[in-house]
Amino acid sequence: MKAVVFTLGCKVNEVESAAIMAELENRGWEVSDELSYADIYVLNTCAVTKEAERKSRQLIARVRKFNPNAPLYVCGCASQKDGGQFEKEGVRAIFGAREKQQVVSAIANDFGGCGCEKLGFPKQVKTRAFIKIEDGCNNFCSYCVIPYLRGRVTSRAVQDIVEEVRACPAPEIVLTGINISAYDGDGQGLAGLINALHFTDKRIRLGSIECNVIDENLMTALKGLKDFAPQFHLSLQSGSDAVLRAMNRHYTRAEYLEKCALIYSHFPDAAITTDIIAGFCGESEKDFEDSLSIIDEAGFARVHAFAFSPREGTRAFTLPDLPKSVKSERLHALIQAGKAAEEKYVKERLGRQYCVICEEYDGEYTCGYTEGYIKVYVEGEHTGRLEVRLEKLFRDGAAATVNK
């Protein structure tokens, strides 16, 4: 019997899907994360934007092309937001964002076997493994629906995470969650968890973090790791103080830049990446110029820009929206500025040496990432860790040669 577990959305969704796959595999199922013929389908949905929710609904039609008679089990944020939109023929059960262990129980009920009280460690088969350390968010940014769907912050125990790190076969680990800055397992913050991981030789990378968690305590903990990848995805959303207040983001532009300076003081070669929303409600031309200018001022290595999408149930949904043409124009400008910043970041590092963990071979080049998440292409087939020298801009990263 074959099960396909297909995922839309964030890395947390991917980790949770991997845990479902591992549980099903332990129970004798053949499992895959690619859409293909299967006896059952588990659809893990997303609702972060209208487009994500639309794609989640379309999944049912997509899987029907492979097996129109297979039972479907739907879970995730889109089904948490509105389970009724998935009540269609063949959908056997619908679960919310924090009920994913019940998916396995429902399958066991339908096909034989015992229930599932708690999902175990996810199935990790790639070079870079994502380990979920917390769920939920207490921030309630005015544009974001996720706290209403995922609920308040809950943190895993430090020892539970340590055991998963020890058991994980991947050479690189990314600590992820809905808001890992709020991690508070066993009364310890994120710095406490990092201190507990000083034993491992695996490369440790952080998922997206917030301004409030950047302090001397965390920097010291990170410097104590044997192999830390100093890439900080420091969420920004806007470079304008007025827009940040309207977004219910609890920092100013100046405070954000102070956090960037603190990172650079401890990790001079750090890659600081970020998200910026184009065209939030009430964003003036001056507000937008503040978002453009902070890209250079902060020295971003990469910018993920996207247009504001009002989500029903959030405070911003009730505010006047900007015209689509304005949002589109500003998004284009942010994307172009982000591309220029990324090219500058890579150019400044040409001629330098980095350690790359090989991930895949495309028949001509071996690909992997530096500590700062520059994608590197090395001619020939290689495995493991490579000490390389960045030579030139190439494709979506840099071409490199292996140090002899």
Side-chain angles (χ1 to χ4, degrees), residues 9-10 12 46-53 77 80-81 97-98 134-155 176-184 189-190 207-215 218 232-260 272-295 297-298 300 303-322 326-327 330-331 334:
C10 64
V12 175
C46 177
V48 69
T49 63
K50 288 181 181 178
E51 179 66 12
E53 197 168 356
C77 286
Q80 176 77 41
K81 182 173 180 290
R98 287 200 173 183
E134 66 83 45
D135 202 346
C137 181
N138 301 341
N139 288 347
F140 290 93
C141 298
S142 62
Y143 53 82
C144 185
V145 73
I146 297 304
Y148 303 97
L149 305 179
R150 284 277 181 173
R152 295 300 183 102
V153 170
T154 58
S155 300
T176 191
I178 300 301
N179 178 17
I180 67 170
S181 299
Y183 177 82
D184 192 31
L190 185 59
S208 179
I209 54 177
E210 298 284 335
C211 258
N212 66 294
V213 79
I214 301 295
D215 59 17
L218 179 62
F232 295 83
H233 191 79
L234 191 61
S235 185
L236 173 62
Q237 309 307 353
S238 175
S240 159
D241 286 346
V243 174
L244 289 171
R245 284 193 298 272
M247 289 177 167
N248 197 34
R249 304 286 292 177
H250 301 290
Y251 53 85
T252 65
R253 174 194 180 95
E255 289 167 344
Y256 184 95
L257 290 171
E258 286 175 5
K259 300 295 187 177
C260 291
I272 300 180
T273 60
T274 201
D275 303 305
I276 301 180
I277 296 174
F280 186 72
C281 310
E283 181 186 73
S284 68
E285 189 64 37
K286 172 62 168 60
D287 295 328
F288 174 65
E289 289 298 327
D290 286 344
S291 286
L292 271 180
S293 64
I294 202 173
I295 293 175
E297 200 168 342
F300 291 134
V303 175
H304 175 216
F306 52 99
F308 171 65
S309 171
R311 302 298 288 135
E312 188 174 0
T314 65
R315 182 176 176 276
F317 188 76
T318 65
L319 301 176
D321 197 12
L322 293 182
V326 172
K327 292 194 286 188
R330 291 178 182 178
L331 175 60
L334 284 173

Worksheet entry | Flag side-chain contact, heavy atom, 4.5 Å: Cys281 against Tyr143 | no
Worksheet entry | Residue pair Lys327 / Gly279: nearest heavy atoms and the distance that separates them | CD-O, 3.5 Å
Discussion item. Nearest 0.5 Å, please: how far is SG in Cys77 from CG in Leu149?
Written reply: 5.0 Å
Worksheet item: Are the side chain of Arg152 and the backbone N or O of Gly136 linked by a donor-acceptor pair below 3.5 Å?
Response: no
Worksheet item: For Cys144, what residues pass the side-chain contact (heavy atoms from CB on, under 4.5 Å) criterion, not counting sequence neighbours?
Response: Cys141, Ile146, Pro147
Worksheet item: So which heavy atom on Phe280 is nearest to which on Val243, and how close?
Response: CD2-CG1, 3.9 Å
Discussion item. Nearest 0.5 Å, please: how far is CG in Leu244 from OG1 in Thr252?
Written reply: 8.0 Å
Discussion item. Distance check, rounded to the nearest 0.5 Å: Leu236 atom CG versus Ile277 atom CD1?
Written reply: 9.5 Å
Item to complete: Using modelled atom types only, decide if a donor and an acceptor are shared between the side chain of Gln80 and the backbone of Ala97 within a distance under 3.5 Å.
Response: yes
Worksheet item: If only atom types and distance count, is the side chain of Arg253 paired as donor or acceptor with the main-chain N or O of Asp241 below 3.5 Å?
Response: no
Item to complete: Kindly determine whether Asp290 and Lys286 satisfy salt bridge (Lys or Arg N to Asp or Glu O under 4.0 Å), including the steps that lead there.
Response: CA-CA 6 Å; Asp290 286 344; Lys286 172 62 168 60; 3.0 Å; yes
Item to complete: For the pair Tyr256 and Phe300, name the ring-plane relationship: parallel under 30°, tilted 30 to 60°, perpendicular over 60°.
Response: perpendicular
Worksheet, complete the sentence: Separation between NE2 (His233) and CD (Glu210), nearest 0.5 Å, reads 9.5 Å
Fill in: Chi angles and distances behind the side chain to side chain contact (heavy atoms under 4.5 Å, CB included) call for Leu334, Val303
CA-CA 8 Å; Leu334 284 173; Val303 175; 5.6 Å; no
Worksheet item: Where do Ser181 and Val213 come nearest, in terms of heavy atoms and distance?
Response: OG-CG1, 3.5 Å
Response to the item:
Residue pairs meeting side-chain hydrogen bond (donor to acceptor under 3.5 Å, both in side chains), one or both in residues 309-319, sequence neighbours left out, come to Glu53-Arg311
Practice prompt. Please name the pair of heavy atoms, one in Ala182 and one in Ser155, separated by the smallest distance, quoted to 0.1 Å.
Written response: O-OG, 4.1 Å
Practice prompt. If a pair satisfies side-chain hydrogen bond (donor to acceptor under 3.5 Å, both in side chains) and one of its residues is in residues 276-285, list it, with sequence neighbours excluded.
Written response: Glu283-Arg330, Ser284-Asp287, Glu285-Arg330
Worksheet entry | Spatial distance of atom OH (Tyr251) from atom CD1 (Ile214) [nearest 0.5 Å] | 12.0 Å
Worksheet entry | Ser240 side, atom OG; Arg249 side, atom CZ - distance, nearest 0.5 Å | 13.5 Å
Response to the item:
For Thr176 and Ile180, the nearest pair of non-hydrogen atoms, with its separation, is C-CG2, 3.3 Å
Worksheet item: Step by step, would you call Asn138 with Asn179 a side chain to side chain contact (heavy atoms under 4.5 Å, CB included)?
Response: CA-CA 9 Å; Asn138 301 341; Asn179 178 17; over 6 Å; no
Worksheet item: Quick one: does Ser291's side chain have a donor or acceptor within less than 3.5 Å of a partner on Gly239's backbone?
Response: yes
Item to complete: Say whether, by atom type as modelled, one donor and one acceptor occur between the side chain of Asp135 and the main chain of Thr154 under 3.5 angstrom.
Response: no
Worksheet item: Which pair of non-hydrogen atoms, one from Asp275 and one from Ser235, has the smallest distance, and what is that distance?
Response: OD2-OG, 4.3 Å
Worksheet item: Would you say the side chain of Asn139 lies within less than 4.5 Å of the side chain of His250, judging by non-hydrogen atoms?
Response: no
